Amino acid sequence: EPGPGGAEAAAEDAAPAEPESPDQCLSLLPWDRFSAWLHCVCVVGFDLELGQAVEVIYPPHSKLTDKEKTNICYLSFPDSNSGCLGDTQFCFRFRRSPGRKVSLCCFLDQVDRDLPVYLKKDSAYYYGYVYFRQVRDKSLKRGYFQKSLVLISKLPYVHLFRTMLKQIAPEYFEKSEAFLEAVCSDVDRWPPPVPGKVLQLPIMGVIMKLRIPTYRDKPGTTPIVQNMHQADAQISMALPTVHEVDLFRCFCPVFFHIQMLWELVLLGEPLVVMAPSPAESSETVLALVSCISPLKYCSDFRPYFTIHDSEFKEYTTRTQAPPSVILGVTNPFFAKTLQHWPHIIRIGDIKLPGEVPKQVKVKKLKNLKTLDSKPGVYTSYKPYLNKDEEIVKQLQKGVQQKRPTEAQSVILRRYFLELTESFIIPLERYVASLMPLQKCISPWKSPPQLRQFSQDDFMKTLEKAGPQLTSGLKGDWIGLYRHFLKSPNFDGWFRSRQKEMTQKLEALHLEALCNENLVFWSQKHTEVETVDLVLKLKNKLLQADREHLPVKTDTLKKLQTHINDIILALPDDLQDILLKTGTT
């Protein structure tokens, strides 16, 4: 899960062994290919007696608990106050019920390993991608047709599923069940979601072309997927991204405060986005979470959250401090329920400004009485860093010159990326220094431990090798680091670095063993010691496979040869036992 530097650089030449082809793995069972992309497709309708209800789940064998179904029902419809007439698209995220076995094909772990850290799936959550239609219909008792088509997936590919729904939902509302079956059959023919490859995904006569990023991509670059001319009659569309939202559009209502919002997200502070509709709340929450990329936002976030959510009580209680979470809400009730939260972003209808937005001051929380309050950021937070006036001027100039929103988003994304990298590089550099030197690795001793992270030692490095090397921003960087080191985002980042470096040490230890003349060693030692060595080496090979250590395939082959040579030098009875023995 590489960031802008650090331990992964040393591991670049030690790529893990090639997995078997995902396509081979995926020819196992019907619906395996479908499951690699989606958990299921639901249709949620409105019943006069029952209220919202799941009418269809496809494929029919898909498992959802009652609690999950209830969450999907309530999260798939906008609050009645949103007044969403016509078609609306948004997304939500909810907790999976615990205790269910995850049946994934052998290749899916490999796929996940190749993703950038911020796109790795979190097996504790599902995303719901919604296409909601509300139109007048006098033939119905309520006078309205209300229905949602919902894709449930573990993948955070917002743009892909949004595009897919735009293609299929309008037709589904006209044609119904048989059409849904055909859609799912199409998805069950898709290639697996392998990062780094240009994938062609057919959906009801259209081919979507896209590329899922890999951790090897340079942050901030998006390889362009060319829209090739189709030889047959199928229409093809190239997706510029699978996961990004329109950053400038989302931050437009609050763009004078983007730097402060970046700090709040970086520090894992409790944040509420109050918006007029689920489309605006979900886009804004996703934009906030992505603004610290390539760092992963490690706390919970809910693009659309309702009073019926199973975590409603847990997240709105006043008996303890608000949790580290970002909530997107639309119900006016939340203005009262969450008024004790420290940071509230209130946005009106997201419209791109035709003129330069006026400077908006940060408002005091006590001024936020209702959801009708004026748009703005309500907080008493004092940013650690001085404001970067340059980015504001650049975006304002773009508005005056009618620069396309995509171009404004590129500028904003680059700004956030440079800010995050300036912040994280000193941490990467310091953590890389905790790695023992290669000369400390002895084949005959356990791999050495990483040195402990010391906050004081890290702070001392900032004077000469701090963010000032890459950022011109002044301010209390030290205070920002102190606060960050207590946050869930630091904890998540440091754990992944620790794991990566420990695996690197194990890999170097394996290489050191391979470079020894193990047969010669075994001839100088007793049979008991030799058998012990063979069992330890076999365990090492199993560990390398199980933990996907960054070891070259040749190293593993060489170690297996060493093991075989040692066994063949032993008496026949021991040979038989050792050749049959796997390991613990």
Side-chain angles (χ1 to χ4, degrees), residues 3-5 118 247 251 254-273 287-299 301 321-326 341-345 359-365 376-395 412-431 453-494:
Y118 53 87
L247 214 53
F251 279 118
V254 288
F255 94 13
F256 285 101
H257 309 303
I258 50 174
Q259 194 176 313
M260 176 173 73
L261 294 175
W262 173 83
E263 282 190 26
L264 292 172
V265 175
L266 180 77
L267 300 172
E269 285 287 308
L271 263 172
V272 190
V273 174
L288 285 165
V289 166
S290 74
C291 78
I292 60 166
S293 174
L295 267 184
K296 183 188 172 87
Y297 179 76
C298 295
S299 298
F301 59 95
S324 170
V325 58
I326 303 178
W341 276 47
H343 322 289
I344 294 170
I345 302 168
Q359 174 71 44
V360 190
K361 283 195 175 138
V362 174
K363 300 174 174 65
K364 297 281 186 295
L365 276 164
V377 180
Y378 292 78
T379 179
S380 52
Y381 176 81
K382 295 278 181 287
Y384 287 97
L385 303 182
N386 300 348
K387 195 164 181 177
D388 187 342
E389 301 292 349
E390 208 44 52
I391 182 69
V392 175
K393 281 183 198 157
Q394 206 177 349
L395 292 172
L412 195 47
R413 194 167 275 113
R414 191 186 306 128
Y415 162 74
F416 281 136
L417 174 70
E418 287 170 3
L419 194 52
T420 306
E421 289 197 326
S422 289
F423 180 79
I424 210 73
I425 285 170
L427 271 164
E428 293 275 11
R429 199 180 283 121
Y430 170 71
V431 167
F453 185 102
S454 155
Q455 183 171 319
D456 291 342
D457 288 351
F458 166 64
M459 292 298 177
K460 283 175 196 159
T461 67
L462 294 176
E463 195 181 334
K464 287 186 180 164
Q468 71 276 11
L469 296 182
T470 50
S471 171
L473 267 187
K474 299 283 185 280
D476 183 9
W477 285 96
I478 301 277
L480 187 61
Y481 280 114
R482 280 194 203 286
H483 196 151
F484 177 71
L485 295 181
K486 298 183 195 124
S487 75
N489 288 333
F490 169 71
D491 189 54
W493 173 83
F494 184 60

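We number each residue from 1, following the sequence as shown. Source: prediction; values computed, not measured. Computed over heavy atoms, backbone and side chain alike; hydrogens, waters and symmetry mates excluded.
- Among residues two or more places apart in sequence or in another chain, the side chain to side chain contact (heavy atoms under 4.5 Å, CB included) test is passed with S293 by Y118.
- At least one side-chain heavy atom of I391 sits less than 4.5 Å from a side-chain heavy atom of L395.
- Identified under the side chain to side chain donor-acceptor pair (under 3.5 Å) test for residues 470-482, with sequence neighbours left out: S422-T470.
- Pairing each heavy atom of L267 with each of Y384, the nearest pair is CD1-CE1, 4.0 Å.
- With a 4.5 Å cut-off on side-chain heavy atoms, L264 and L288 do not count as touching.
- You'll find the side chain of L473 stays beyond 4.5 Å of the side chain of F423, heavy atoms only.
- Taking both residues in full, the closest heavy atoms of G268 and N489 are given as N-ND2, 3.9 Å, listed atom of the first, atom of the second, then distance.
- Looking only at side-chain heavy atoms (C-beta outward), L427 and F494 stay at 4.5 Å or farther from each other.
- For the pair L385 and W262, the minimum side-chain heavy-atom distance is below 4.5 Å.
- The side chain to side chain contact (heavy atoms under 4.5 Å, CB included) check on P270 picks up P322, W341, P342, H343, with sequence neighbours excluded.
- The shortest distance between side-chain heavy atoms of C298 and D491 does not fall below 4.5 Å.
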Side-chain atoms of residues 457-469: list all donor-acceptor pairs with protein atoms under 3.5 Å, sequence neighbours left out, distances to 0.1 Å.
residue	atom	partner	partner atom	Å
T461	OG1	F458	O	2.5
Q468	NE2	L462	O	3.2
Q468	NE2	E463	O	3.0

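- Partners of P383 by side chain to side chain contact (heavy atoms under 4.5 Å, CB included), not counting sequence neighbours, listed by chain and number: M260, E263, Y381.
- Within the 4.5 Å cutoff, the side chain of I425 has no heavy atoms near those of the Y430 side chain.
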N/O donor to acceptor pairs below 3.5 angstrom from side-chain atoms of residues 412-419, sequence neighbours left out:
residue	atom	partner	partner atom	Å
R413	NH2	V245	O	3.0
Y415	OH	Q259	OE1	3.1

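- Within the 4.5 Å cutoff, the side chain of T379 has no heavy atoms near those of the I344 side chain.
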